[in-house]
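Inspection log for the structure reproduced underneath, given as structure tokens.
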Amino acid sequence: MMIVELIDGDDFRARLTALGIDIAEGADPDTCARIAAQAHQQKAIPELPALVNDLMTQQNILLPSVRHAIERFLPL
């Protein structure tokens with residue numbers, strides 16, 4: 001049996017902070033996506049579109065709350 005790690009809000013936040021986006025601990029996916037979009041508008045974050053694309057291609061392990069946040073705030 002294979003155990004798959006789901007991409008949840010904490011994983012999403014960690015991936016965004018790894019890109020240098022300052023997001024408070026415990027922020028929900030909507031907040032993370034909104035802050036990331038604002039940061040990208042202020043100063044382009046070249047790695048952000050690739051991250052969004054990568055996450056959206058993993059929909060089978062992406063929690064719906066994260067997917068919805070990306071669709072709402074990060075349609076890059």
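None of these values were measured; they are calculated from a predicted model.
- From L55, atom CG reaches atom CD1 of I7 across 5.0 Å, with rounding to the nearest 0.5 Å.
- When the side-chain contact (heavy atoms from CB on, under 4.5 Å) test is applied to D8, the partners found at least two apart in sequence or on another chain are D10, D11, L63.
- Qualifying side-chain contact (heavy atoms from CB on, under 4.5 Å) partners for A27, counting only residues two or more places apart in sequence or in other chains: I23, T31, C32.
- Considering all non-hydrogen atoms of both residues, V52 and L74 come closest at CG1-O, 3.7 Å.
- With sequence neighbours excluded, the residues satisfying side chain to side chain donor-acceptor pair (under 3.5 Å) with D54 are Q58.
- Residues that satisfy the salt bridge (charged side-chain N to carboxylate O under 4.0 Å, His left out) test with D30, not counting sequence neighbours, are R72.
- The nearest pair of heavy atoms linking P29 to F12 is O-CE2, 3.6 Å.
- Sorted pairs that involve residues 13-27 and meet side chain to side chain donor-acceptor pair (under 3.5 Å), not counting sequence neighbours, are lacking altogether.
- Among residues at least two apart or in separate chains, there is no salt bridge (Lys or Arg N to Asp or Glu O under 4.0 Å) pair with a member in residues 31-44.
- Scanning all heavy atoms of the two residues, the minimum distance from V66 to G9 falls at CG2-N, 3.8 Å.
- By the salt bridge (charged side-chain N to carboxylate O under 4.0 Å, His left out) test, R67 is found to be paired with E71, residues two or more places apart in sequence or in another chain being considered.
- In terms of the salt bridge (charged side-chain N to carboxylate O under 4.0 Å, His left out) criterion, E47 has no residue partners (sequence neighbours excluded).
- Of all heavy-atom pairs spanning A69 and A33, the tightest one is O-CB, 3.5 Å.
- Closest approach of A39 to I21, counting heavy atoms only: CB-CG2, 4.3 Å.
- How far CD1 of I70 is from CG of L62: 5.5 Å, rounded to the nearest 0.5 Å.
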